[in-house]
Visitor: 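This is the structure, below, for whatever I ask next.
Per chain, numbering begins at 1; letters A, B, ... match sequence-line order.
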There are 2 protein chains.
Amino acid sequence: MSVRSGTAGRDSTGMAKPVMWRVGVVVAMGQQPTPLVRRASEIDYADVSAGDGTRKGVLIDGEDGAPHFAMRRFELDPGARVPEHTNAVEHEQYVLAGEYTVGIEGDTHEVSAGDSLLIPAGAVHWYENDGDEPGAFICVVPNGDDDIQLVADEA
Amino acid sequence: MSVRSGTAGRDSTGMAKPVMWRVGVVVAMGQQPTPLVRRASEIDYADVSAGDGTRKGVLIDGEDGAPHFAMRRFELDPGARVPEHTNAVEHEQYVLAGEYTVGIEGDTHEVSAGDSLLIPAGAVHWYENDGDEPGAFICVVPNGDDDIQLVADEA
């Protein structure tokens with residue numbers, strides 16, 4: 001069961017509140033994982049609401065009985081941008097395709113296929129695909145709740 | 001610090017003992033992970049002793065401060081074969097290249113780029129690349145000790 005909620009708006013001072021999503025995956029206690037081979041064609045992709053031109057597909061997660069971590073695949077269209085944000089959990093990523101920019105804690109990195117990244121929990125990061133080719137990457141996160149918090153005002 | 005050890009031989013009955021490796025990565029306690037961008041060209045590959053024509057490169061692991069899991073990349077030459085074995089920890093894998101066979105608990109699967117696999121801890125599995133193209137995959141495992149135990153006799 002996935003639980004997703006989001007809030008956005010202005011606080012009592014009229015300032016734009018940061019936008020926050022909470023994503024939780026409930027893993028059935030004591031569930032014994034069984035082997036899984038999931039084909040590329042079986043993956044459902046959904047738009048990433050925090051980013052333009054970005055999609056996310058879950059390859060394996062707690063709902064499959066994976067006990068510790070989830071593997072997802074992201075796609076970044078040419079022109080895609082995900083603004084500065086933080087997560088409550090770390091990312092381990094592997095770049096599959098394209099040449100795009102990842103900003104982490106004030107540094108920018110042009111990445112391409114075969115590069116891997118560790119983005120610690122709480123690190124401010126962003127993505128931008130200024131190339132002509134679609135970008136794609138694997139992103140692995142520990143199971144459990146994540147808070148995705150945008151850094152920039154939504155005003 | 002990585003610790004590797006292996007034993008092989010015969011037990012008191014003269015039967016061939018299974019071959020076992022123990023692989024441990026010590027994570028410095030309290031180490032605060034810092035962002036990491038590791039280029040494909042920086043990865044060192046080493047032959048996998050349990051398999052023929054197979055290599056492993058560590059992309060990110062506990063030595064980088066990754067708190068929960070490690071990401072590795074494996075290469076399977078045409079003709080490569082890793083015999084039936086078990087691991088003490090689960091694998092989450094993503095197929096990058098080639099078309100090769102994965103056996104899991106008696107079932108065989110022909111996999112190709114974009115497919116993902118969950119191989120539970122303790123599940124007997126093997127690999128064989130009967131194709132003409134090199135195979136490659138990402139394999140993510142939880143931090144901590146692993147025991148790699150071959151199922152087949154080494155006699």
Side-chain angles (χ1 to χ4, degrees), chain A residues 31-43 57-61 64-73 89-97 102-125 136-144, chain B residues 31-43 57-61 64-73 89-97 102-125 136-144:
Chain A
Q31 181 179 345
Q32 180 65 25
T34 54
L36 171 69
V37 178
R38 183 159 281 150
R39 303 299 178 175
S41 60
E42 297 173 32
I43 305 301
V58 176
L59 307 181
I60 299 167
D61 73 358
D64 299 307
H68 293 109
F69 47 85
M71 180 178 278
R72 300 92 48 83
R73 183 174 177 277
V89 297
E90 79 274 15
H91 299 327
E92 291 186 26
Q93 298 182 344
Y94 182 85
V95 180
L96 297 170
V102 185
I104 313 174
E105 295 282 74
D107 292 323
T108 61
H109 310 272
E110 295 290 324
V111 299
S112 57
D115 293 343
S116 47
L117 300 92
L118 172 61
I119 302 175
V124 174
H125 60 290
F137 62 93
I138 297 296
C139 181
V140 184
V141 294
N143 285 349
Chain B
Q31 182 179 343
Q32 179 64 26
T34 55
L36 171 69
V37 178
R38 182 159 283 150
R39 303 300 178 174
S41 60
E42 298 172 31
I43 304 301
V58 176
L59 307 181
I60 299 167
D61 74 359
D64 299 307
H68 294 108
F69 48 84
M71 180 178 278
R72 301 92 47 84
R73 183 175 177 278
V89 297
E90 78 274 16
H91 299 326
E92 292 186 26
Q93 298 182 342
Y94 182 86
V95 181
L96 298 170
V102 185
I104 313 173
E105 295 282 74
D107 292 322
T108 61
H109 310 272
E110 295 289 325
V111 299
S112 56
D115 292 344
S116 47
L117 299 92
L118 172 60
I119 302 175
V124 174
H125 61 290
F137 62 92
I138 297 295
C139 181
V140 184
V141 293
N143 284 350

Visitor: Without swapping roles, check the side chain of A:N143 against the backbone of A:A66 for a donor-acceptor pair under 3.5 Å.
Guide: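 Confirmed, A:N143 side chain pairs with A:A66 backbone.
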
Visitor: Should A:E90 and B:P33 count as side-chain neighbours, where that means a heavy-atom distance under 4.5 Å?
Guide: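 No, too far: nothing below the 4.5 Å cut-off.
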
Visitor: Below 4.5 Å from any heavy atom of chain A, which atoms of B:E92 appear? Answer side chain, backbone, both or neither.
Guide: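 For B:E92, heavy atoms of backbone and side chain both lie under 4.5 Å from chain A.
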
Visitor: Quick one: closest heavy-atom pair of B:F137 and B:V95, and the distance?
Guide: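 Taking B:F137 first and B:V95 second, the nearest heavy atoms are CB-CA, 4.0 Å.
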
Visitor: With chain B as the partner, which of A:D107, A:V141, A:V89 has the greatest number of non-hydrogen pairs under 4.5 Å?
Guide: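 So the answer, after comparing A:D107, A:V141, A:V89, is A:V141.
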
Visitor: Which region of B:I119, side chain (C-beta onward) or backbone (N, CA, C, O), has a non-hydrogen atom less than 4.5 Å from a non-hydrogen atom of chain A, or is it both or neither?
Guide: neither

Visitor: Check each atom of B:V111 against the heavy atoms of chain A and say whether the ones under 4.5 Å are side chain, backbone, both or neither.
Guide: both

Visitor: Identify which of A:I60, A:L117, A:L59, A:L96 forms the greatest number of heavy-atom pairs closer than 4.5 Å to chain B.
Guide: A:I60

Visitor: If you take all heavy atoms of A:D61 and A:A70, which pair is closest and at what distance?
Guide: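 That would be CB-CB, 3.5 Å.
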
Visitor: For the residue pair B:F69 and A:F69, categorise the inter-ring angle as parallel (less than 30°), tilted (30 to 60°) or perpendicular (more than 60°).
Guide: tilted

Visitor: Mind checking salt bridge (charged side-chain N to carboxylate O under 4.0 Å, His left out) for A:R72 and listing every partner two or more places apart, or none if nothing turns up?
Guide: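 Testing A:R72 for salt bridge (charged side-chain N to carboxylate O under 4.0 Å, His left out), a comparison that skips the adjacent residues, returns none.
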
Visitor: Shorter than 4.5 Å, heavy atoms on both sides: which option in B:R39, B:Q93, B:R73 has the most such pairs with chain A?
Guide: B:R39

Visitor: So what's closer than 4.5 Å to chain A heavy atoms on B:I104: side chain, backbone, both or neither?
Guide: side chain

Visitor: Counting heavy-atom pairs under 4.5 Å with chain A, which one of B:S116, B:G114, B:A136, B:A40 comes out on top?
Guide: B:S116

